[in-house]
Asker: 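Starting off with a structure, shown below.
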Amino acid sequence: MAEPSVEYIRSITRQYAKLGYKPYTWVYNTDTPPWQPLRKPLAQSRLALVASGGIYRRGQIAFHSKDDTSLRLIPTDVRTEDLRTSHFAYDPTDARRDPNVVFPIDTLRGLVREGLLGGLTEHAITFMGGIYSSRRVREEVAPTIAGYLEAERADIALLVPV
Amino acid sequence: MTMSSALDITRAVNPPRAVFNDFPLGHTAGKPLESAVNREIMIATLRAFETMRTPGSIELLPFEWSPDHSWKHAGAGEGDNRAPRTEELTYQTEDDMIAAREGKLAEECIACSNWSPESRERHSAG
């Protein structure tokens with residue numbers, strides 16, 4: 001890579017200090033993460049898309065910006081033009097032109113058609129992110145999402161944070 | 001597999017498997033209306049499922065947002081340019097708000113935080 005990547009933790013920490021905000025407690029997980037080997041070839045695997053870009057489907061309730069821990073289940077046969085973006089922390093201009101930048105649904109459907117990927121779960125799962133408390137993410141949001149992944153019989157999950 | 005556009009944050013979170021796509025925030029999975037490059041990004045991402053062997057791996061993807069890297073220096077700005085945090089629902093359009101209020105998707109209402117996998121199973125029974 002020609003240039004080093006942006007140091008978000010350093011720049012956000014500096015910005016919070018400048019604005020007089022309380023320092024944010026970043027999560028540093030130092031233990032070796034859990035590991036599940038791929039059980040089937042990709043071409044036979046059912047993938048669950050989990051995205052935090054504030055995507056909802058027209059007709060669903062939108063998100064709010066104050067530690068919104070709710071989820072939306074988006075049918076994976078959704079019409080792309082029915083997808084909407086509701087987010088407080090990133091510029092959604094491009095996501096509104098093409099939701100695939102944060103919710104790669106057409107990209108994945110294309111690879112399923114090509115036979116590179118076995119299939120998608122019946123629903124993708126979306127949420128807002130920007131939840132200030134990492135404890136609430138760990139104890140409320142993550143286990144709920146894991147429950148859906150099991151209920152939808154996902155073989156693999158693709159997480160797309162923003 | 002976690003996609004990421006924030007390498008330092010992903011290193012700190014330390015998920016089992018990740019790919020890093022060095023794009024501006026809000027473009028984790030690609031570029032708007034560029035399905036060919038987005039396909040390549042996704043193929044590289046999915047391949048990593050097959051090739052990664054070590055928990056905590058982060059594969060650096062070779063894609064470039066633009067030959068010009070000035071976007072990396074835009075910084076967070078002087079102030080806080082995020083919308084204030086409130087519990088007001090932020091619809092993309094007023095039409096969406098009306099559609100949600102009409103409850104067009106009430107049957108499959110998928111919206112609420114009190115949903116659980118159990119209630120979901122009720123819908124998918126059979």
Side-chain angles (χ1 to χ4, degrees), chain A residues 1-3 5-9 11-12 15 19 26-29 32-35 38 42 58-66 69-70 72-73 84-86 88-92 94-98 100-102 104 106-108 110-111 116-117 122 147-148 150-151 156 158-162, chain B residues 1-4 6-9 12-16 20 22 25-33 35 38-39 42-43 45-46 49-50 55-56 60 69 72 75-76 79-80 82-93 96-97 99-100 104-105 110-113 115-117 120-121 124:
Chain A
M1 250 161 275
E3 265 199 53
S5 53
V6 179
E7 294 184 41
Y8 288 105
I9 293 180
S11 84
I12 292 168
Q15 193 201 19
L19 292 168
W26 295 91
V27 170
Y28 288 92
N29 292 317
T32 303
W35 185 260
L38 193 62
L42 282 173
R58 183 175 179 277
Q60 290 182 333
I61 297 169
F63 293 97
H64 66 71
S65 54
K66 197 171 181 186
T69 57
S70 67
R72 305 289 176 277
L73 299 188
R84 299 287 187 270
T85 309
S86 165
F88 73 104
Y90 75 93
D91 178 354
D94 283 341
R96 288 178 175 178
R97 284 172 65 207
D98 180 3
N100 285 286
V101 300
V102 291
D106 293 314
T107 315
L108 289 166
L111 295 182
L116 287 165
L117 181 63
E122 191 183 343
Y148 282 117
E150 283 185 14
I156 53 178
L158 180 68
L159 313 185
V160 186
V162 170
Chain B
M1 179 72 66
T2 302
M3 299 184 90
S4 166
L7 185 58
D8 57 343
I9 296 174
V13 173
N14 195 19
F20 172 62
D22 198 8
L25 298 186
H27 307 86
T28 322
K31 301 180 180 183
L33 308 175
S35 55
N38 296 349
R39 175 179 175 276
M42 190 56 70
I43 288 175
T45 301
L46 296 180
F49 269 113
E50 298 177 323
L60 308 182
H69 286 238
K72 293 185 183 180
D80 188 343
R82 298 171 300 184
R85 288 174 175 246
T86 70
E87 293 190 359
E88 191 181 332
L89 300 171
T90 46
Y91 287 93
Q92 182 172 326
T93 65
D96 290 354
M97 185 173 70
K104 283 184 178 162
L105 294 184
I110 290 171
C112 317
S113 53
W115 269 46
S116 67
R120 168 75 205 98
E121 276 170 4
S124 64

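Just so it is clear, the structure is predicted and the values come from calculations on it, not from any experiment. Every chain is numbered from 1, with letters handed out A, B, ... down the list of sequences. We use all heavy atoms of the structure for the numbers below, so side chains are in, but hydrogens, waters and symmetry mates are not.
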Asker: Chain B heavy atoms under 4.5 Å from A:Thr107: which part of the residue, side chain, backbone, both or neither?
Answerer: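 Only the side chain of A:Thr107 comes within 4.5 Å of chain B.
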Asker: Could you tell me the separation between the OH atom of B:Tyr91 and the CD atom of A:Gln60, rounded to the nearest 0.5 Å?
Answerer: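 These two atoms lie 9.5 Å from each other.
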Asker: Looking only at heavy atoms, what is the nearest atom pair of B:Asp8 and A:Glu7, with distance?
Answerer: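 So the two residues come closest at OD2-C, 3.3 Å.
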Asker: Which bit of B:Glu87 is near chain A, if near means a heavy-atom gap under 4.5 Å: side chain, backbone, both or neither?
Answerer: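 For B:Glu87, backbone and side chain are both near chain A.
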Asker: How far apart are the closest heavy atoms of A:Ser5 and B:Asp22, and which atoms are they?
Answerer: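 Residues A:Ser5 and B:Asp22, closest heavy atoms: CB-OD1, 3.9 Å.
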Asker: Show the nearest heavy-atom pair for residues A:Arg84 and B:Thr93, with the distance to one decimal.
Answerer: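 Minimum heavy-atom contact is NE-OG1, 4.5 Å.
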Asker: As an exercise: rank A:Ala95, A:Pro104, A:Pro161 by heavy-atom pairs under 4.5 Å with chain B and give me the winner.
Answerer: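 Option with the greatest count: A:Pro161.
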Asker: Kindly compute the distance separating CG (B:Asn38) from CG (A:Asp106), expressed to the nearest 0.5 Å.
Answerer: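 One gets 10.0 Å once the value is rounded to the nearest 0.5 Å.
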Asker: Tell me whether A:Ser65 contacts the main-chain N or O of B:Thr86 through its side chain, where contact means a donor paired with an acceptor under 3.5 Å.
Answerer: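 Yes: the side chain of A:Ser65 pairs with the backbone of B:Thr86.
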Asker: To the nearest 0.5 Å, how far apart are OG1 in A:Thr32 and CG in B:Asn14?
Answerer: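 Output value for this atom pair is 7.5 Å.
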Asker: With a 4.5 Å cut-off on heavy-atom pairs, point out which of B:Met97, B:Met1, B:Lys31 contacts chain A the most.
Answerer: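 Of B:Met97, B:Met1, B:Lys31, B:Met1 has the most heavy-atom pairs under 4.5 Å with chain A.
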Asker: What's the spacing between A:Leu158 CG and B:Met3 CE if we round to 0.5 Å?
Answerer: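 Between A:Leu158 CG and B:Met3 CE, I get 6.0 Å after rounding to 0.5 Å.
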Asker: With side-chain contact (heavy atoms from CB on, under 4.5 Å) as the test, would you mind laying out the steps for B:Leu46 and A:Leu116 before giving the verdict?
Answerer: CA-CA 9 Å; B:Leu46 296 180; A:Leu116 287 165; 5.9 Å; no
Asker: Hey, could you give me the CD1/CD1 distance between A:Ile12 and B:Ile9, rounded to the nearest 0.5 Å?
Answerer: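 The CD1 atom of A:Ile12 sits 5.0 Å away from the CD1 atom of B:Ile9.
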Asker: Count the heavy-atom pairs under 4.5 Å between each of B:Ala12, B:Ser4, B:Gly26 and chain A, then report the option with the highest count.
Answerer: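 The residue among B:Ala12, B:Ser4, B:Gly26 with the greatest pair count is B:Ala12.
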Asker: Which heavy atom in B:Ala29 sits nearest to a heavy atom in A:Val160, and how many Å separate them?
Answerer: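 Nearest pair, atom of B:Ala29 first, then A:Val160: CB-CG1, 4.4 Å.
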Asker: What is the distance from atom CZ of B:Phe49 to atom CD1 of A:Ile156, rounded to the nearest 0.5 Å?
Answerer: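 Atom-to-atom, B:Phe49:CZ and A:Ile156:CD1 are 4.0 Å apart.
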Asker: Relative to chain B, which of A:Tyr8, A:Tyr90, A:Trp26 shows the most heavy atom pairs under 4.5 Å?
Answerer: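 Top count of heavy-atom pairs under 4.5 Å with chain B: A:Tyr8.
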Asker: I'd like to verify something: which residue of A:Leu117, A:Val27, A:Asp98 has the highest number of heavy-atom pairs under 4.5 Å with chain B?
Answerer: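 Ranked by contacts with chain B, first place is A:Asp98.
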Asker: Judged by atom type as modelled, is there a donor-acceptor pair below 3.5 Å linking the side chain of B:Thr90 to the main-chain atoms of A:Ser86?
Answerer: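 No.
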Asker: Work out which heavy atom in B:Glu50 is nearest to a heavy atom in A:Leu38; give both atom names and the distance.
Answerer: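 Answer, listing the atom of B:Glu50 first, then A:Leu38: CG-CD2, 3.7 Å.
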Asker: With a 4.5 angstrom heavy-atom cut-off, which part of A:Phe63 approaches chain B: side chain, backbone, both or neither?
Answerer: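 Backbone only.
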Asker: What closest approach, in Å, do B:Lys72 and A:Glu3 show between heavy atoms, and which atom pair accounts for it?
Answerer: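 Shortest heavy-atom separation between B:Lys72 and A:Glu3 comes out as NZ-O, 3.0 Å.
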Asker: Do B:Val13 and A:Tyr28 pass the side-chain contact (heavy atoms from CB on, under 4.5 Å) test, and can you show the C-alpha distance, the side-chain angles, and the key distance before you say yes or no?
Answerer: CA-CA 6 Å; B:Val13 173; A:Tyr28 288 92; over 6 Å; no
Asker: Only pairs of heavy atoms separated by less than 4.5 Å count here; which of A:Thr85, A:Val102, A:Asp91, A:Val162 has the most with chain B?
Answerer: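 Top option by heavy-atom pairs under 4.5 Å: A:Thr85.
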Asker: Counting only non-hydrogen atoms closer than 4.5 Å, does B:Thr2 touch chain A with its backbone (N, CA, C, O), its side chain (CB onward), both, or neither?
Answerer: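 B:Thr2 touches chain A through backbone and side-chain heavy atoms alike.
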